[in-house]
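Remarks on the structure that follows.
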Amino acid sequence: MSLPLLPGRECGGCVECCRVIPLSLPELSKPTGKLCAYCVDGAGCSVHAIRPQTCRTWFCLWRVVEVSDDWRPDRSGVILRPDGLEEGRMTLFVLRRTEFLDSPAFRTTVAHWIAEGFEIGLSVPGPVGTLPVRAVVTDWLRPATDADDPVAFQSRLTAALDQLDAHEFEPDGVIAHYAVA
Ligand code: SF4
Ligand code: SF4
C-alpha cells in the first residue's frame with residue numbers, strides 16, 4: 001500500500017517504525033521491537049539509498065493524515081498504522097503511555113474519527129520478538145467521546161490498555177538476518 005504523503009512532513013529524528021515493525025524479507029529480517037541494525041537511533045537509516053522496497057513504501061499515518069505535530073510517533077508514543085485505513089479502520093499502536101494520551105489533541109482527534117464512522121483499534125507491543133495485540137474499542141470509547149467527557153475517556157482508555165497489556169504475547173518467529181548491500 002502506498003498512500004500519498006503530506007507535503008513538508010518528514011520523519012525527522014523519529015525511527016519508531018524501524019524499531020517496532022517486524023521485517024521478514026530475503027535481504028532483511030528483524031524481530032518485532034528490535035531496532036534495525038541499519039538504523040542510527042534518532043537519525044535514521046544508514047542504508048537509505050539501497051533500503052528494501054518495504055521500507056520505501058511503509059509510512060505511518062502521521063506522514064499521511066492531517067493530525068498535529070504532537071502525533072509524531074517518537075513524541076506521542078503512538079503509531080497510527082496505515083493498514084486498514086482504506087477500509088475505515090484506524091489502529092492506534094500505543095508504544096508507550098505518554099502525557100499525550102491525556103491531551104485534548106489526542107482525545108478530540110479520536111472523538112472526531114469515531115464521529116466520522118471509523119473503527120478504532122488499540123494495539124500494544126509485547127516484549128521484543130513477540131506479536132502485538134489489538135482490540136476494537138470504538139463502542140467502548142464512544143460513550144465518553146459522545147459526552148465529551150475527558151475523565152471517562154481517560155478511564156476507558158486506561159482500562160482497555162491494561163487489558164491488552166495483560167494478554168499473552170505470541171512469539172513472532174522472526175530470526176534477525178541483515179544482508180542489504
Ligand atoms: S513511525 Fe512514522 S514518522 Fe516515525 S520514522 Fe516511521 S514513518 Fe517516519
Ligand atoms: S533498512 Fe533502513 S528504513 Fe529499513 S528498517 Fe532498517 S533502518 Fe529502517
Side-chain angles (χ1 to χ4, degrees), residues 1 3 14-24 29-36 58-176:
M1 183 195 59
L3 295 163
C14 181
V15 297
E16 296 292 2
C17 58
C18 298
R19 185 190 322 276
V20 298
I21 306 296
L23 287 172
S24 189
S29 52
K30 65 159 214 75
T32 313
K34 179 94 180 149
L35 186 65
C36 175
W58 196 100
F59 291 96
C60 76
L61 293 182
W62 181 76
R63 294 288 313 267
V64 174
V65 299
E66 297 275 2
V67 288
S68 68
D69 275 358
D70 310 338
W71 279 87
R72 199 174 90 172
D74 59 330
R75 298 176 183 139
S76 65
V78 180
I79 289 184
L80 293 173
R81 292 196 58 110
D83 38 307
L85 179 70
E86 286 161 320
E87 292 80 40
R89 296 193 305 276
M90 185 69 84
T91 298
L92 285 63
F93 187 20
V94 179
L95 311 176
R96 299 177 286 283
R97 302 208 196 181
T98 61
E99 288 182 6
F100 178 70
L101 298 181
D102 202 12
S103 70
F106 178 76
R107 182 172 50 82
T108 57
T109 304
V110 173
H112 172 72
W113 287 329
I114 291 176
E116 290 284 304
F118 279 92
E119 174 191 285
I120 303 296
L122 271 186
S123 181
V124 300
V128 172
T130 63
L131 297 168
V133 292
R134 179 182 188 274
V136 175
V137 293
T138 325
D139 291 337
W140 173 245
L141 294 178
R142 194 191 308 278
T145 57
D146 281 355
D148 195 18
D149 182 339
V151 175
F153 180 82
Q154 200 50 227
S155 158
R156 283 173 177 260
L157 180 72
T158 301
L161 290 173
D162 285 349
Q163 276 210 17
L164 285 168
D165 279 340
H167 267 74
E168 295 230 337
F169 292 90
E170 303 278 334
D172 64 12
V174 177
I175 309 287

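Keep in mind that what you see is a predicted model, and the values were worked out from it rather than measured. Both backbone and side-chain heavy atoms feed into the values below; hydrogens, waters and symmetry mates do not.
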Q. So, does Lys30 use its side chain to make a donor-acceptor pair with the main chain of Val174 at under 3.5 Å?
A. no
(Q) Under a 3.5 Å distance rule, please check whether Ser29 uses its side chain to pair with a backbone N or O of Leu23 as donor and acceptor. (A) no
(Q) So for atom CD, which belongs to Glu119, do other residues, nucleotides or ligands contribute more than 12 heavy atoms lying within a distance under 6.0 Å? (A) yes
Q | Side chains of Phe59 and Pro82 in contact at under 4.5 Å (non-hydrogen atoms) | A | no
Q. Looking at Met90, Arg142, Arg89, which hits side-chain contact (heavy atoms from CB on, under 4.5 Å) with Ile120?
A. Met90
Q) Just how far is it from atom OG1 of Thr145 to atom CH2 of Trp140, taken to the nearest 0.5 Å? A) 12.5 Å
(Q) side-chain contact (heavy atoms from CB on, under 4.5 Å), that's the test. Do Phe169 and Leu131 meet it? Break it down for me. (A) CA-CA 6 Å; Phe169 292 90; Leu131 297 168; over 6 Å; no
Q.
Just so I know, are the side chains of Val15 and Asp74 near enough to count as touching, which here means a heavy-atom distance under 4.5 Å?
A. no
Q: Go through the side-chain N and O atoms of Arg134 and Thr91 and say whether any donor and acceptor fall under 3.5 Å apart.
A: yes
**Q.** Ser103 side, atom OG; Trp71 side, atom CH2 - distance, nearest 0.5 Å
**A.** 8.0 Å
**Q.** Minimum heavy-atom distance Phe100-Ala105, with the two atoms named
**A.** CE1-CB, 4.1 Å
Q: Supply the atom-to-atom distance Asp102 CG to Gln154 CD, rounded to the nearest 0.5 angstrom.
A: 4.0 Å
Q: Taking all non-hydrogen atoms of both residues into account, name the closest pair between Leu157 and Phe106 and its distance.
A: CD2-CE2, 3.8 Å
Q | Minimal non-hydrogen separation, Leu164 against Leu122, with atom names | A | CD1-O, 3.5 Å
**Q.** Partner residues of Arg97 under the side chain to side chain contact (heavy atoms under 4.5 Å, CB included) criterion, sequence neighbours left out
**A.** Leu101, Thr158, Leu161, Asp162, Asp165
Q) Do Thr130 and Asp172 have side-chain atoms, one donor and one acceptor, less than 3.5 Å apart? A) no
Q. For Thr32 and Val20, which heavy atoms make the closest approach, and how far apart are they?
A. CG2-O, 3.3 Å
Q. Atom CG in Leu61, atom CG in Leu92: separation rounded to 0.5 Å?
A. 9.5 Å
**Q.** side-chain contact (heavy atoms from CB on, under 4.5 Å) between Ile79 and Leu95, worked out
**A.** CA-CA 7 Å; Ile79 289 184; Leu95 311 176; 3.9 Å; yes
(Q) I need the Cys36 SG to Arg19 CZ distance, nearest 0.5 Å. (A) 11.0 Å
(Q) If I compare all heavy atoms of Ala160 with all of Val137, which pair ends up nearest, and what's the gap? (A) CB-CG1, 4.1 Å
**Q.** For the student: nearest non-hydrogen atoms of Val128 and Gly33, plus distance
**A.** CG2-O, 3.7 Å
Q | Partner residues of Phe93 under the ring pair (Phe, Tyr, Trp, His ring centres under 6.0 Å) criterion, sequence neighbours left out | A | none
Q: Determine whether Val67 and Trp113 make a side-chain contact, defined as any pair of heavy atoms from C-beta on separated by less than 4.5 Å.
A: yes
Q) In a check of side chain to side chain donor-acceptor pair (under 3.5 Å) between Glu16 and each of Arg75, Arg72, Arg96, which one passes? A) Arg96
Q.
Can you tell me if Glu99 has over 12 outside heavy atoms packed within less than 6.0 Å of its CD?
A. no
Q. Can you tell me how far the CZ atom of Arg63 sits from the CH2 atom of Trp58, to the nearest 0.5 Å?
A. 11.0 Å
